[in-house]
Every structure is written in C-alpha cells, then in structure tokens.
Amino acid sequence: MKSFINRPIPRLLRYELLLKNILTETPSHHEDRTAIPPVFELIKVLGKETEPGVASAKQKVELWKFNSNLVFKPGEYVVSDEEYQAYI
C-alpha cells in the first residue's frame, strides 16, 4: 500500500523537473517555449492539490499498521468495528 501511495507524486515532481530542464535547453524560437510553461504550471498545481490526499492516505496506512500490531491479552474484551459503529 505504501508504494502505491508514493508513486504518483514523485512522478509528477520528476515531470516538473524534466520539463524545467527541457525548457532551459529549448531554443528561444522553438514552439515548445510557449507550450511547456502552461503544462509546467499545471503539474505544479496538481502536485499541490494532491498533498492533502497523500497526507490523509499516509495517516490511514499508519493507523492500519498500528491496528495490525495490536495484541490483546487472553480474555480481554475487544470491541469490534460493528459494535463500535452501533454505539456511535
């Protein structure tokens, strides 16, 4: 799950860096000089918009890890998800 969460964002950031480098090497008269900046800005916006979702997903993964590592003593009463949902 962790690798699934981490893959899209670094890829977007790599595209941002790649486009930035391409733009610096593109001759001033080439049509890519006008085509690349809007794409570059779009990638930056997408990267910023995904930050809250990534943070939320990371928190969920940490919670799942924590939950899977819980060990209860024999005879200890554990409230199930269904019981908890019925309670709230």
Side-chain angles (χ1 to χ4, degrees):
M1 183 72 172
K2 187 175 181 180
S3 61
F4 174 75
I5 293 170
N6 290 335
R7 285 186 183 159
I9 303 308
R11 190 175 303 139
L12 274 176
L13 299 177
R14 284 194 300 258
Y15 289 153
E16 184 180 338
L17 290 172
L18 178 65
L19 285 173
K20 192 175 188 179
N21 289 334
I22 290 172
L23 192 59
T24 60
E25 298 296 324
T26 303
S28 59
H29 61 278
H30 197 278
E31 64 186 40
D32 285 348
R33 284 296 233 182
T34 56
I36 290 176
V39 176
F40 181 74
E41 289 302 316
L42 178 64
I43 290 172
K44 281 173 56 174
V45 168
L46 286 173
K48 288 183 182 181
E49 286 179 355
T50 57
E51 286 175 10
V54 170
S56 173
K58 283 182 179 180
Q59 288 174 342
K60 287 178 186 176
V61 169
E62 288 300 314
L63 184 60
W64 291 334
K65 264 197 261 183
F66 179 73
N67 186 40
S68 67
N69 290 327
L70 289 175
V71 178
F72 297 99
K73 297 177 185 173
E76 190 172 30
Y77 181 72
V78 179
V79 176
S80 69
D81 287 336
E82 292 83 21
E83 291 172 317
Y84 178 73
Q85 291 300 323
Y87 177 75
I88 58 171

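In this text, all values refer to a predicted model and were calculated from it rather than measured experimentally. Every heavy atom of this structure was used, including side-chain atoms; hydrogens, water molecules and symmetry mates were not.
- Heavy-atom neighbours of Phe66 CZ from other residues, nucleotides or ligands within 6.0 Å: at or below the threshold of 12.
- Atom CG of Asp32 and atom OG1 of Thr34 lie 7.5 Å apart (nearest 0.5 Å).
- By the rule that hydrophobic residues join a cluster once side-chain heavy atoms approach within less than 4.5 Å of another member, Leu17 and Leu42 end up as members of separate clusters.
- Looking at heavy atoms from C-beta onward, Ile43 lies in side-chain contact with Val39 at the 4.5 angstrom threshold.
- Distance check: Glu16 CD to Leu46 CG gives 10.5 Å after rounding to the nearest 0.5 Å.
- Within 6.0 Å of CD in Glu76 there are more than 12 heavy atoms belonging to other residues, nucleotides or ligands.
- For the pair Ile36/Ile22, a side-chain contact is recorded, criterion being any heavy-atom separation below 4.5 Å from C-beta on.
- Applying the 6.0 Å contact sphere to CD of Glu83 captures more than 12 heavy atoms from other residues, nucleotides or ligands.
- The line from NE2 of His30 to CG of Leu23 is 11.5 Å long, rounded to the nearest 0.5 Å.
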